[in-house]
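Numbers restart at 1 for each chain; the letters A, B, ... are given by sequence-line order, proteins then strands.
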Amino acid sequence: MIERTLTQLSLAQIADSGQCFRLLRRGPGRFRLVAAGRVLDLVQKGSRVSFHCTEEEFQTVWVPYFDLCTDYGAFLRSIPSDDVFLTRAARFGEGVRILRQDPWEMLITFLISQQKQIPAIRSCVETLSRRYGTPIGDTGEYAFPGPEALSLCSLEELRSCALGYRAPYLYDAARSAGELSQWSGLPDQELFSRLTALSGVGPKVANCIMLFGFHRIAAFPRDVWINRVIDRYYGGNFPLARYDGFAGVIQQYLFYYARSGSKGEAE
DNA sequence: GCCCAGGTGACGG
DNA sequence: CCGTCACATGGG
């Protein structure tokens with residue numbers, strides 16, 4: 001077991017941040033994450049975080065996954081104090097980080113996400129994993145199924161996973177997007193056009209895949225929550241240029257704060 | 001039982 | 001190019 005004192009990291013906030021759907025609360029301060037074909041149990045008390053894994057796994061898998069080498073304090077300090085709303089949002093969600101998740105999993109997850117609430121997305125992701133993923137040791141958890149596994153599913157089979165009209169999007173993705181990880185080297189603009197060329201991937205979903213799956217932290221997904229914030233607090237025009245190169249981090253602060261305002265998820 | 005959701009694609013103007 | 005609309009299901 002590895003213990004670290006970490007700043008700007010809140011598992012509770014990340015679990016509610018709408019970027020990761022397989023980080024689940026298992027009790028006060030206790031979490032379980034399924035990612036990278038592994039299960040990781042975590043406990044957080046204040047800034048003390050314990051990772052239930054070996055030192056080697058911590059260094060090679062979870063340090064990059066949680067983006068622990070990036071100083072999020074620098075992002076927080078970059079916010080001008082004249083932006084009262086964002087200052088408050090960032091302080092409120094200062095434990096949010098941009099996880100380095102798998103591009104394929106993000107493609108499928110955010111194809112599912114359209115016109116669904118976060119608990120419903122979670123439920124679909126679990127169904128797909130339990131039905132088509134492989135079990136992880138004796139943990140009772142299942143890895144997210146790869147493109148090979150999903151390409152074996154018929155359209156009707158996918159439909160039965162509560163995917164609704166999105167089922168054909170997944171069906172096509174399993175056949176056309178197997179080489180997704182080879183897109184890692186493309187510049188943002190090129191990556192964006194490749195993603196939006198996939199059926200069911202529009203600008204919002206593409207930006208989510210870029211931000212959460214390819215760690216392109218300049219990507220700024222505009223969803224209903226962000227648009228609401230921009231309309232209400234920024235007169236319809238958010239000063240993106242101020243955050244050149246890391247607007248995605250700012251987007252997460254805004255999203256998390258806006259959403260917690262109307263749900264009772266403050267912590 | 002309604003209502004609507006981390007949007008997108010197809011259509012008409 | 002821009003406004004509308006259907007789309008399938010599960011949570012709130």
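Both geometric conditions, a ring-centre gap below 5.5 Å and a plane tilt below 30°, are fulfilled for A:Phe255 over the base of B:dG6.
Sorted by first and then second residue, the ring pair (Phe, Tyr, Trp, His ring centres under 6.0 Å) pairs with a member in residues 106-126 of chain A read A:Phe21-A:Phe110, A:Phe110-A:Phe212; sequence neighbours excluded. The salt bridge (Lys or Arg N to Asp or Glu O under 4.0 Å) pairs that include a residue from residues 142-170 of chain A number zero, where partners must be two or more places apart or lie in different chains. Evaluation of the salt bridge (Lys or Arg N to Asp or Glu O under 4.0 Å) test over residues 169-179 of chain A, restricted to residues two or more places apart or in two chains, returns none.
Applying the ring-ring contact (aromatic ring centres under 6.0 Å, His included) rule to A:Tyr65 yields the partners A:Trp62; only residues at least two apart in sequence or on another chain are considered. Applying the salt bridge (Lys or Arg N to Asp or Glu O under 4.0 Å) test to A:Arg30 and every residue at least two apart in sequence or in another chain returns nothing. Judged as a ring-ring contact (aromatic ring centres under 6.0 Å, His included), and not counting sequence neighbours, the contacts of A:Tyr257 are A:Phe85, A:Phe92. For the ring-ring contact (aromatic ring centres under 6.0 Å, His included) test, no residue two or more places apart in sequence or in another chain qualifies with A:Tyr169. With sequence neighbours left out, A:Pro147 forms a side-chain contact (heavy atoms from CB on, under 4.5 Å) with A:Trp104.
Taken residue by residue, residues 213-224 of chain A places heavy atoms nearer than 4.0 Å to DNA chain B at A:Pro221, A:Asp223, A:Val224.
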Output one line per pair: protein atom, nucleotide atom from nucleotides 9-13 of chain B, and distance, for all N/O pairs under 3.5 Å.
from, atom 1, to, atom 2, distance (Å)
B:dG9, OP1, A:Gly200, N, 3.0

Using a cutoff of under 3.5 Å, can you pull out all pairs of nitrogen or oxygen atoms linking the protein to nucleotides 3-11 of chain C, with atom names and distances?
from, atom 1, to, atom 2, distance (Å)
C:dA8, O4', A:Tyr165, N, 3.2
C:dG11, OP1, A:Ser123, OG, 3.4

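Under the 30°/60° scheme for interplanar angles, the aromatic rings of A:Tyr243 and A:Phe238 are found to lie parallel.
Contact annotation for A:Thr109: no contact, since no heavy-atom pair falls under 4.0 Å across all strands.
Remark: the separation of the P atoms in B:dC11 and C:dA8 is 15 Å, to the nearest Å. Straight-line distance between the P atoms of B:dG6 and C:dG3: roughly 23 Å, to the nearest whole Å.
Here A:Val39 is tied into one hydrophobic group with A:Val34, A:Ile136, each link being a pair of ILVMFWY side chains closer than 4.5 Å.
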